[in-house]
Each structure stands twice: as structure tokens, then as C-alpha cells.
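Okay, so here's the structure we're looking at.
Within every chain, numbering begins at 1; the chains are lettered A, B, ... in the order of the sequence lines, protein sequences first and strands thereafter. These numbers come from a predicted model, not from an experiment.
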There are 2 protein chains.
Amino acid sequence: MTTLKDIGTALGLSVTTVSRALNDFPEVSAQTRDRVRAAAERLGYQANRSAQRLATGRSGMVGMIVKTSADYRADQTFMEILVGMSAALAARDTDLVLAVDQGRDPVEPYRRMLGRDLLDGFILNAPVTHDPRISFLNERGIPLVVHGRDRVDADYPFFTIDNHAVAAESVQLLAALGHRRIAYLNGPEQYSYAARRAQGYRAAMAQAGLPVLEGALTHDPPTAAAGYRQALSLLAGQRGAPPTAFICGSLLLAEGVMHATVDLGLAVPRDVSVMAHDDGLPMLSASSFTPALTVTHAALHDACVPLANALVDLIGGADPMSLQVLNRAELIVRDSTGPAPETGRTPWP
Amino acid sequence: MTTLKDIGTALGLSVTTVSRALNDFPEVSAQTRDRVRAAAERLGYQANRSAQRLATGRSGMVGMIVKTSADYRADQTFMEILVGMSAALAARDTDLVLAVDQGRDPVEPYRRMLGRDLLDGFILNAPVTHDPRISFLNERGIPLVVHGRDRVDADYPFFTIDNHAVAAESVQLLAALGHRRIAYLNGPEQYSYAARRAQGYRAAMAQAGLPVLEGALTHDPPTAAAGYRQALSLLAGQRGAPPTAFICGSLLLAEGVMHATVDLGLAVPRDVSVMAHDDGLPMLSASSFTPALTVTHAALHDACVPLANALVDLIGGADPMSLQVLNRAELIVRDSTGPAPETGRTPWP
DNA sequence: CTGAAAGCGCTTACAG
DNA sequence: CTGAAAGCGCTTACAG
């Protein structure tokens with residue numbers, strides 16, 4: 001490995017000057033800087049991270065901890081974030097250390113990683129409301145960015161879509177089409193994104209003067225099986241008048257709902273409208289549903305570059321509050337939503 | 001952060017002695033060792049990785065590089081390995097650094113990580129035959145372990161199942177049931193596991209005196225869509241006499257095949273037998289297929305602890321050849337395989 | 001059995 | 001504008 005000393009020797013300079021040249025210190029002359037740069041390039045120099053960390057307290061490495069087992073369902077979205085973050089961090093010359101969490105205590109793995117004194121900060125994802133990991137790290141002044149946010153008045157850097165709007169706009173679209181009985185198949189209750197969508201759903205239903213029917217707001221992991229089960233229960237079950245429209249928290253839930261409509265001999269959108277939120281995951285395309293699915297759309301990978309930059313900037317001393325991004329999802333109307341059926345299949349209760 | 005000096009000061013010992021006590025050097029007295037251990041525990045000491053690396057050349061960190069985009073299909077298996085390895089490495093006090101590879105040159109990301117001079121070794125997965133990454137790292141003497149192996153005479157540590165046997169035993173089971181036209185829906189050709197299975201398939205077919213029909217050995221990514229398409233083409237297409245049995249490289253391929261049989265009005269196993277290799281991925285259960293699927297079974301996560309241990313031992317100086325594991329997959333006969341139909345749906349060509 | 005000292009490769013006051 | 005020196009927290013010959 002080439003060291004600063006190697007470059008210095010080659011050029012007849014001290015390591016001090018070489019270090020300064022490479023780190024863009026203003027006092028070094030332009031000519032020296034260029035010579036050093038050229039030599040570093042030629043010799044294939046890359047700074048030794050361990051030595052840098054020891055000297056500066058910064059390692060150029062950040063951590064991400066994945067909850068396993070119970071949360072395996074998050075694989076798809078987690079993998080998307082993980083790979084995207086890793087690439088975006090690499091562009092900022094930062095490495096990503098991965099750890100898994102298998103225990104009950106959500107902060108324990110963070111404590112352990114901090115003890116190693118190796119990482120400059122953390123990326124968290126899938127926050128629950130008032131996430132204990134966030135307060136733990138915040139209290140200790142550890143830089144962190146969050147994909148999502150654990151409360152609306154978050155005081156740390158985050159990137160999230162407006163989940164309240166995601167739900168509300170979906171309701172508004174369907175209400176405008178004349179639907180009155182609108183079911184919302186939401187994600188698991190503890191996650192803040194799901195809690196926020198539930199609020200948006202209720203608010204928009206209230207504003208449209210529509211009742212939230214018994215059992216019409218459900219909380220499940222994003223799987224086709226759950227979507228199928230809930231749709232079957234709502235459409236054919238004994239829970240009162242069936243919904244004429246479904247809003248699904250994910251494409252997988254929508255897949256299950258579509259399956260259920262087929263099995264019940266219902267046509268989409270003639271008998272029932274279906275829409276979903278689309279995270280833009282590869283290999284899961286809303287437009288290739290039959291019929292093509294109306295969605296609110298926000299690709300998860302769009303979060304990665306902003307999050308990576310925010311974390312690196314934060315570590316560099318930027319103001320946390322300036323690193324908060326609230327994005328709006330895009331509403332894409334396709335063929336799975338249509339006017340409410342003139343006469344309900346069953347009379348209004 | 002507690003340092004060796006802190007412990008030394010608290011105990012009236014030098015950092016030298018503290019370091020030795022913590023690292024189990026034989027010369028330190030049992031009493032001193034215990035005192036040091038207790039103090040370290042009490043003060044919450046964890047060695048600073050960067051300092052250790054600088055002093056010893058070892059960082060306690062290893063790397064894994066994931067190919068993205070084109071290879072996204074590998075998500076499921078990759079995530080399983082990634083999470084499993086991370087946990088298994090943590091048990092050996094080793095951290096995992098993740099990088100993504102988005103380029104064309106497969107060795108470039110390894111070269112870049114080596115330049116950082118941060119990692120003690122690498123875990124590779126999904127090797128292609130004569131994988132250039134493996135020779136690149138081997139030539140430079142970088143410790144590595146491979147999930148799978150890129151050739152049968154591999155001279156590095158690996159953990160793999162016997163893919164030749166996986167295919168051969170499947171053929172033998174079906175041949176014993178009287179099947180003569182057996183299709184093999186394999187994984188992509190370039191991966192060594194798929195190449196090895198193709199060899200096993202051909203060998204077992206030859207040994208059973210059965211012909212490999214035109215188009216009966218296919219290579220596709222492990223998706224339900226590919227399974228569906230191939231099964232449809234083989235069962236209803238113009239490729240000659242249809243197979244009476246399918247062996248699938250993965251559960252997803254089998255899912256597609258099952259779907260195709262339903263659409264064609266064929267009963268499994270009466271009209272056609274179906275079996276697959278099952279990687280033991282969560283949320284994808286062979287026994288919940290209808291009918292329950294006969295499989296060769298080897299859970300991917302079983303590879304993680306052996307691989308993690310092998311890598312740590314290798315870094316510690318163990319003989320690479322002693323760290324090679326070839327496991328046999330388990331044959332589990334369920335309800336999707338049965339005797340070959342008495343009379344073929346179409347006559348023997 | 002224990003300790004003082006050098007060194008790993010960097011950064012950063014402090015001098016000039 | 002450049003350099004000599006100290007220091008980050010460890011490990012490891014070298015002495016005793």
C-alpha cells in the first residue's frame with residue numbers, strides 16, 4: 001500500500017505537505033497540490049481508513065442495522081435501501097458496515113457498534129412511532145439519518161414521503177369517483193409510515209363525509225396472502241356492506257386483493273376499484289397488473305442519494321434541520337379504478 | 001470510550017500488561033488476567049478497531065460485494081446469505097462491510113476495497129465458472145471464502161452443496177418412477193451451480209439410459225414467470241413429445257410450472273410430476289405447494305456459520321484446504337411426484 | 001511475570 | 001508556503 005510517506009519521498013516533500021495537498025488545505029501552493037495529486041494518482045494512493053480514524057476520530061464508515069427474523073417480510077424494501085445506500089455512500093467515499101439484530105432490545109446492537117468506536121454515524125429505516133433507537137442515538141449525539149420519520153416534529157435529518165398525503169389523495173380520488181365504502185389495507189400498525197397513512201385515511205374520509213366502516217382499516221405485513229385474506233373477508237364476509245374500493249399499502253397487498261376479486265367473480269374496476277402505494281421495487285410492476293394498477297408512486301431508491309448525502313454532510317457538521325426532506329408521492333391513474341357501481345351489490349346497511 | 005490506558009490506570013498496570021491479559025497471552029498471571037478482565041467488563045471496554053488494525057494489520061472486518069441491477073433477481077438468496085453471514089461473523093467478533101458493484105468489471109470493486117487497506121478478507125457468493133474475482137484475490141493472497149465453488153478442484157475455502165448430486169438424485173427418483181422424458185429447468189448457465197447441475201442431469205440421464213430431449217434442459221433466472229413460460233412451451237408447444245416430469249432449479253421456477261399445469265388442465269402428479277431444489281428461503285415453503293412439493297432441500301442459512309468460521313480461521317492462519325465443505329442436499333419426497341403416466345398424452349416420437 | 005518504548009499511517013497545532 | 005513533532009489506541013519485540 002502506498003502511504004503519504006511514499007508520496008513525500010518520491011516528491012521530496014514532507015508527509016505534512018502531502019497530507020495537506022490531498023485534503024485541499026488552502027495554504028498549499030497550486031503547483032505543489034497538482035504535483036502531489038498526480039503522484040498520488042500514479043502510485044494508486046488511497047488513504048488508510050484506520051489511520052485516519054485514529055487521527056481524526058472519523059472513519060469514513062457508517063452503519064446500518066437490519067432487524068431479522070420477525071421482520072423478514074421487509075426484505076424487499078430493506079434490500080432496496082441497503083443496496084441503494086451503499087452505492088450512494090460510495091460516491092461520497094464512505095463505507096457501509098452491516099449488522100444484524102436478532103434480539104428483543106432494539107437499541108442493544110447500536111450500543112455494541114458504538115462501543116467499537118468505528119463508525120461515524122447510522123442510517124435507520126422502518127422507524128416505529130417514537131422509535132427508541134432514534135432517541136438513544138440522539139441523546140448521545142451520534143449522527144443519524146432516517147428513512148421515514150418516527151414523528152411529525154422530528155428534529156433529525158430524514159427523507160420521507162408524505163404518507164398522510166399518500167392516503168388522503170387516494171381517498172380523494174376514489175371519493176371523486178363516487179365511492180363511499182372505501183377500505184384501507186394498511187401496513188403493520190407500529191410502523192410510523194402506517195400510522196401516518198391511517199391518519200391521512202381517516203382525515204380524508206371525514207372530510208369527504210364518508211364513514212369508516214367496521215373492519216375497513218386493517219393492518220398487515222405487506223404480503224399477497226394478507227391482501228387476499230382481508231379482501232375475501234371484506235367482500236364476502238359478514239362484516240356488513242362490502243367496500244366498493246380498496247386502497248392497499250403495497251403492491252403485494254394489491255396482488256392479493258386482485259386475486260380475491262377474481263375468485264369472487266368480481267370485475268375490476270366495474271364492481272370494485274383497487275389502488276395501491278407503489279414503492280417502485282424492481283420485479284414488481286404496477287403497470288403489468290391486470291388491469292394496470294392505479295397507484296401513488298414513490299421509488300424507494302430515490303431516497304438513497306439524498307439520505308447518503310445528508311449523513312455525510314451531517315457528519316461534516318451541517319445543521320440537522322436543514323437536512324430534512326419531505327417528498328410528495330406521484331398519483332398515477334391507470335385502469336384499476338373507476339366510477340363506483342351504480343347499485344351496490346348489497347344494499348347500504 | 002474506555003481505552004487500555006484507562007484500565008491500566010485503574011489497576012496500576014501498564015497498557016502492555018492490560019493488552020496481554022485481554023489477548024490471552026500465556027505469560028500473564030492468572031490473577032492479573034482476571035483483574036483486568038473484570039475491570040474491562042466493568043468499564044465497558046471494547047477494543048478500538050482502527051488502532052488494532054494499524055498496529056496488527058488486521059481490522060476484524062471483512063467485505064462482501066453485491067452485484068446489482070442485472071443480478072437483482074438474486075435478491076432473495078443474497079439477502080439470506082448476507083444476513084446470515086453478518087450474524088455468524090458477529091459471533092466471531094468480526095464486522096461486515098458491504099459494497100455494491102454496478103460496473104462491468106467484476107474485480108474492480110475488490111481492487112478498490114483492497115486499496116482502502118481496511119478489510120481482512122472477503123466472502124464471495126454466486127460464483128460463475130472460473131470466476132475472475134476468485135483468481136484476482138487468490139493471486140494477491142487475500143483471504144477469501146466462497147459460497148459455492150467455481151470449479152471442482154477449487155483450492156480455496158468454500159461451502160457448497162453437491163450440485164451434481166442434487167440433479168442426479170432427482171433424475172434417479174423420477175427414473176425409478178418410470179419417467180423417461182424428464183425436463184430440467186436450470187438456473188442461468190454462467191453460474192457454476194447451474195453448470196454443475198447440468199452435468200449431474202446429463203450424467204444421470206445417460207446412466208438411466210434416457211435421452212435428453214431437444215429443449216428439455218433450459219437456463220433461466222429463478223422466477224415464476226420463466227417456469228411458467230418454459231413449462232407451457234414444453235407441454236403444449238411444438239418441441240416434440242412433452243416431458244412427463246420436471247425438475248426445477250428453484251421453488252420459484254416450480255411455482256411457474258405448477259401454474260402452467262393448472263392452466264393446461266393437467267393434474268400433478270397424475271399427468272406430470274414436478275420437483276425442485278429448495279434453498280430453504282423464508283416465506284417460500286415447498287410443503288405448502290398444492291400438492292406439497294417433492295424437493296432436494298438444503299437451507300442457504302446453514303452455510304453461513306461454517307463460512308464465517310472458515311473465513312475467520314483462514315485469516316488466523318488456518319490451512320485453506322482444511323476449510324472446504326461439500327454438503328449433500330436432503331431428498332424429501334412429498335406429493336408432487338408419482339409414477340409416470342401409463343400412456344403418454346402424446347405418443348413417443 | 002511486567003513494563004518502557006517504538007511503530008502502524010494519518011492529522012494538526014506549532015514554528016518558521 | 002512548508003516541515004518537525006506529537007498524538008490517536010493499539011501491539012510487540014526487547015529488557016528486566
According to the side-chain hydrogen bond (donor to acceptor under 3.5 Å, both in side chains) rule, which pairs have a member within residues 55-66 of chain A, sequence neighbours left out? A:Ser59-A:Asp120

Contact list for DNA chain C against residues 7-21 of chain A - heavy-atom distance below 4.0 Å: A:Thr16, A:Ser19, A:Arg20

Test item: A:Met61 and A:Arg53 side chains (from C-beta on) under 4.5 Å apart, heavy atoms: no

Taking side-chain hydrogen bond (donor to acceptor under 3.5 Å, both in side chains) as the cut-off, I'd like each qualifying pair that reaches into residues 83-99 of chain B, sequence neighbours left out, listed once. A:Arg116-B:Asp93, A:Arg116-B:Asp95, B:Arg49-B:Asp93, B:Arg49-B:Asp95, B:Arg92-B:Asn309, B:Arg92-B:Asp313

Does A:Phe136 reach the side chain of A:Arg111, with side-chain heavy atoms less than 4.5 Å apart? yes

Side chains of A:Pro320 and A:Leu314, heavy atoms from C-beta outward: is any pair under 4.5 Å? yes

Residues in ring pair (Phe, Tyr, Trp, His ring centres under 6.0 Å) with A:Tyr110, at least two apart? A:Phe122

Within residues 55-62 of chain B: residues closer than 4.0 Å to DNA chain C (heavy atoms): B:Ala55

If we only count heavy atoms from C-beta on, is the B:Asp150 to B:Leu124 side-chain gap below 4.5 Å? no

What ring pair (Phe, Tyr, Trp, His ring centres under 6.0 Å) pairs are there with at least one residue in residues 81-106 of chain A, not counting sequence neighbours? none

My understanding is that only residues two or more places apart in sequence, or in another chain, count here; which of them pass salt bridge (charged side-chain N to carboxylate O under 4.0 Å, His left out) with A:Asp24? A:Arg37

With sequence neighbours left out, what residues match A:Asn23 under side chain to side chain contact (heavy atoms under 4.5 Å, CB included)? A:Ser19, A:Phe25

Would you call B:Leu307 and B:Ile81 a side-chain contact if the rule is heavy atoms closer than 4.5 Å? no

Not counting sequence neighbours, which residues clear salt bridge (charged side-chain N to carboxylate O under 4.0 Å, His left out) with A:Arg133? List them please. A:Asp131

Dot-bracket summary - DNA chain C, pairs being Watson-Crick or G-U whose distances fall under 3.5 Å, with | when paired to another strand: |||.||||||||.|||

First-last contacting nucleotides on DNA chain C - partner chain B, under 4.0 angstrom, heavy atom: C:dC1 to C:dG9

Enclosure of B:Gln31 CD (heavy-atom neighbours >12, cutoff 6.0 Å): no

Strand-adjacent residues in residues 25-41 of chain B, judged by heavy atoms under 4.0 Å from DNA chain C: B:Glu27, B:Val28, B:Ser29, B:Thr32

Is there a side-chain contact between B:Val62 and B:Val145 in this structure, where contact means two heavy atoms from C-beta onward sitting under 4.5 Å apart? no

Kindly indicate whether the side chain of B:Leu13, heavy atoms from C-beta on, has any atom under 4.5 Å from the side chain of B:Val36. yes

